[in-house]
Protein chains: 4
Amino acid sequence: MKMAEQEKTQGSLVPGRRRSDQSHQAILQAAREVLEQVGYRAMTIEAIAAKAGVGKKTIYRWWSSKAAVVLEALASHTEVEVPFADTGSLEGDLLAYFALSFPGLQGKSGTVLSGLAAEAQLDPEFAREFQRTFIVPRKQELVALLQRGVQRGELAPDTNLEVLADLIYGAKWYRFLLYPAPLDDAFAREIVKLILRLRSGE
Amino acid sequence: MKMAEQEKTQGSLVPGRRRSDQSHQAILQAAREVLEQVGYRAMTIEAIAAKAGVGKKTIYRWWSSKAAVVLEALASHTEVEVPFADTGSLEGDLLAYFALSFPGLQGKSGTVLSGLAAEAQLDPEFAREFQRTFIVPRKQELVALLQRGVQRGELAPDTNLEVLADLIYGAKWYRFLLYPAPLDDAFAREIVKLILRLRSGE
Amino acid sequence: MKMAEQEKTQGSLVPGRRRSDQSHQAILQAAREVLEQVGYRAMTIEAIAAKAGVGKKTIYRWWSSKAAVVLEALASHTEVEVPFADTGSLEGDLLAYFALSFPGLQGKSGTVLSGLAAEAQLDPEFAREFQRTFIVPRKQELVALLQRGVQRGELAPDTNLEVLADLIYGAKWYRFLLYPAPLDDAFAREIVKLILRLRSGE
Amino acid sequence: MKMAEQEKTQGSLVPGRRRSDQSHQAILQAAREVLEQVGYRAMTIEAIAAKAGVGKKTIYRWWSSKAAVVLEALASHTEVEVPFADTGSLEGDLLAYFALSFPGLQGKSGTVLSGLAAEAQLDPEFAREFQRTFIVPRKQELVALLQRGVQRGELAPDTNLEVLADLIYGAKWYRFLLYPAPLDDAFAREIVKLILRLRSGE
DNA sequence: TCTTAATCGAGACGGTACGTCTGGTCTTAGA
DNA sequence: TCTAAGACCAGACGTACCGTCTCGATTAAGA
């Protein structure tokens, strides 16, 4: 997190009271609770401040928007993390990933995630933060997963893995955010079936 | 539009003043102008009403949210429409589509579209309307495009075109909404290259 | 009141919803209650709005400050009004006035009045309103009282009644606002004694 | 000043860092500058602290409110002091006093003084300090001035000088703080004219 | 032609959250 | 122990929009 780094560089150079880690944690915790109770859209900075027993100023001092608070609140709990396990085959790896990933997009946690995505589309500054801490790292993991497929000979060596990952993640996000069709096992299997049909460009 | 149908059923049965088409058009025009000037997020119903010289009530009477107004404002100008031409080959069809589609996602019109997508993620009711009038029809056209590829023998007959369309549209939306990489010709060519490598499942 | 006049001139000329007299009265009533409960300084616009069941905007729409609300709240109850009775003698008139006037400067109502005076010293716009509706009319009544003294021959005809009224009201306000000495009967009698010693300038 | 006395009693008995006179003066100087720039009402403790390069705590440690700071800041510059000269006659003494006193009530310094008066009306604790250091001493000087008039035979020996001083100061403050009429030479002459008409009570 | 009823522009209304501001307190490191 | 700095809790500020609710004035059908 950007904050933690700042704090370190602060060292013992500047005078003044330091950031209260107690308040910091209380805010993140309160954000999670409010999210759970009223959802992303109805969540307000005021409610977080009240629940955390914190002045609104203390939130505005350290975060630029409610989306930024939520992003850190989620990141610090790693509950959105999905492991990219090595099952020995590309098919298995992908199916395992989808099996773990899709359920987290249902219900409340899905609403929160789509709320963050919405915020990213409305606020360019938050978009960069969201991409930096969430979107880009995930994609790199998927590329690594596909790379293993290449090494095993399941994908042609000349496959553009970056774009293939765009296609795979794209399909997932497209159905999650935009298209009215379920994110289920059948969908996962059909995606994998298509991926496995890719042959070399000779 | 839902509105137009309602008006028809009204017929000549009820007394009272009819809906003013002048106000209707003034609202859509004002919505477009306000969008152009301040962007989707900063746009308010009040601003549209003021610019259109219209009471807020008149807007609320006919639309449920600012997103609904914007959706109709855009639809009524068909500026987001992209033709799916038949160039004689799947590769040509796809490249032609991307070449026409990508520029419209840049600049102001891109911001408007991502604003609508954001709204869809925050408001389930608007999401349904957005899907019904925008997302689903587009996908059906893409499926039809792919269908021509099957007929020409460029895609295997047993290809799941629905899911393939999810992958293609997904990649486009993913880069548009979430991933920090450009929507350019190179991206289009790489997608097409991958699609053309799909072989039959035997 | 300025408001009432505006409303009258409004007549049926302007469109739009009219000012709600119900809200108007509720705000004045709430202001009186909050004043009673927490005093002038601790009173807030928010508290008035909450107690009146009114949006803050409705208060800000019609009054420029909390002092303006309080001024009208008091004026509309005429509880600060003190009659200037005609007892048949200047001495009697003055003593009667002081006897009625001094008690109202004690306790809660005194605090409210000094709060308004303070506001007038801090806010020139409110000062003008305060003078117009409160200070100047009172003084004119006192001048009229003194005029009766002249007619009865108790004051010399060449007495500058305006300045004499400044002296009398000044002494009262000076002790009320600034000087730590009581506003009691003894003070009233001593003032009257001095006034009655005024002789003609020959 | 209360503060200065406290410092003396501290002597060299107690351990710890002594009060910084440099900070003390910087605060008073900053208070004067901020007063000059933004006026009494808009002045804040924070602004004084920032301009003085001093922690807010250092101000709160030594003064109870911004009014207390201002009171000392002004007192330490004695710019509000007005000498009560002996011109040889009551008329001359009073006119000389008014001539020196009235100009200081105009413009910025007048605003500051009325701000302090306002504060005194809102804050009983400050009111006592204001009376102790400012109001009461002035009045005693005026009483002394009047006393000279008694000794010269210009006022009857049985005149209640305390109440007469209330009338004179009252008239001045009344016009300064409340009544919309100028504090000018004409007003001074009219007051003096009335005072000189006082005869004995026989 | 008159009645009836829905529409219109205008804008006040009750609410709610915003992001800012200030007050007064607390916590640092250093003098 | 005091200082400068500044983060902290608290909560009012005045603003902005929301979506609803009057208003009087149109506007069209049916009586």
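As the structure is a prediction and not an experimental result, all values here were calculated from the model. Lettering of chains follows the sequences in order, A, B, ..., and the numbering in each one begins at 1.
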Write down the distance between [atom1] ([X]) and [atom2] ([N]), rounded to a whole number of angstrom.
X	N	atom1	atom2	value
B/R41	F/dA16	CZ	P	18 Å
B/R19	F/dT27	CZ	P	17 Å
C/K66	F/dG14	NZ	C1'	15 Å
A/I59	E/dA17	CD1	P	14 Å
B/Y60	E/dC8	OH	P	15 Å
A/Q22	E/dT28	CD	P	11 Å
D/L122	E/dG23	CG	P	14 Å

ask   = If you take atom types as modelled and just measure distance, does the side chain of A/R18 reach the base of E/dT28 with a donor-acceptor pair under 3.5 Å?
value =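 It does not, because no donor-acceptor pair links the side chain of A/R18 to the base of E/dT28 below 3.5 Å.
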
ask   = What about B/K56, does its side chain sit under 3.5 Å from the base of E/dG11 through a donor-acceptor pair?
value =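 Looking at the base of E/dG11, it does not pair with any donor or acceptor on the side chain of B/K56 (distance under 3.5 Å).
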
message = Which is more 5' along DNA chain F, the nucleotide nearest A/R61 or the one nearest C/T44? Just name the residue.
response =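 The residue whose closest nucleotide sits nearer the 5' end is A/R61.
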
Would you tell me if any nitrogen or oxygen in the side chain of [X] comes within less than 4.0 Å of OP1 or OP2 on [N]?
X	N	value
B/S23	E/dG9	yes
D/W63	E/dG24	no
C/R17	F/dT22	yes
B/W62	E/dC8	yes
C/T58	E/dG14	yes

Under the side-chain hydrogen bond (donor to acceptor under 3.5 Å, both in side chains) test, residues paired with [X] that sit two or more places apart:
X	value
C/R41	D/E119
C/T111	none
A/R128	none
D/E33	D/Q29

key: Non-neighbouring partners of D/S114 that pass side-chain contact (heavy atoms from CB on, under 4.5 Å), sequence neighbours left out   =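 Applying side-chain contact (heavy atoms from CB on, under 4.5 Å) to D/S114 gives C/Q121, D/F176, D/L177.
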
query = Sequence neighbours excluded, which residues qualify as ring pair (Phe, Tyr, Trp, His ring centres under 6.0 Å) partners of C/F130?
reply =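 With neighbours one apart ignored, the set is C/F126, C/F134.
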
ask   = Can a cation-pi geometry be assigned to C/R18 and C/W62, taking NZ or CZ under 6.0 Å from the six-membered ring centre and within 45° of the ring axis?
value =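 The answer is no, since C/R18 fails at least one limit relative to C/W62.
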
message = Looking at A/K66 and A/I45, would you say the former's side chain and the latter's main chain have a donor-acceptor pair under 3.5 Å?
response =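 Checking the backbone N and O of A/I45 against the side chain of A/K66, no donor-acceptor pair under 3.5 Å is found.
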
ask   = Starting at the 5' end of DNA chain E, which residue's closest nucleotide do you reach first, A/S64 or C/G16?
value =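 It is C/G16 whose nearest nucleotide is closer to the 5' end.
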
ask   = Do A/K108 and A/V112 have side-chain heavy atoms sitting under 4.5 Å apart?
value =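 With C-beta onward as the side chain, the pair stays apart.
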
inquiry  = Angle between the end axes of the helix from E/dT3-F/dA29 to E/dA31-F/dT1, five pairs per end, to the nearest 10 degrees?
reply    =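 Angle reported: 20°, given to the nearest ten degrees.
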
Residue C/K57, side-chain atoms from C-beta onward, closest of E/dC8, F/dA7, E/dG15 =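 In terms of side-chain proximity for C/K57, the closest of E/dC8, F/dA7, E/dG15 is E/dG15.
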
Show every donor-acceptor pair shorter than 3.5 Å between a side-chain atom in residues 46-59 of chain D and any protein atom, with sequence neighbours excluded, or say none if there are none.
residue : atom : partner : partner atom : Å
D/E46   : OE2  : D/K56   : NZ           : 2.6
D/K51   : NZ   : D/Q37   : OE1          : 3.1

request  = Could you identify which residues of residues 45-55 of chain A place a heavy atom less than 4.0 Å from some atom of DNA chain F, listed by residue number, or say none?
outcome  =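 Heavy-atom cutoff 4.0 Å gives A/G53, A/V54, A/G55.
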
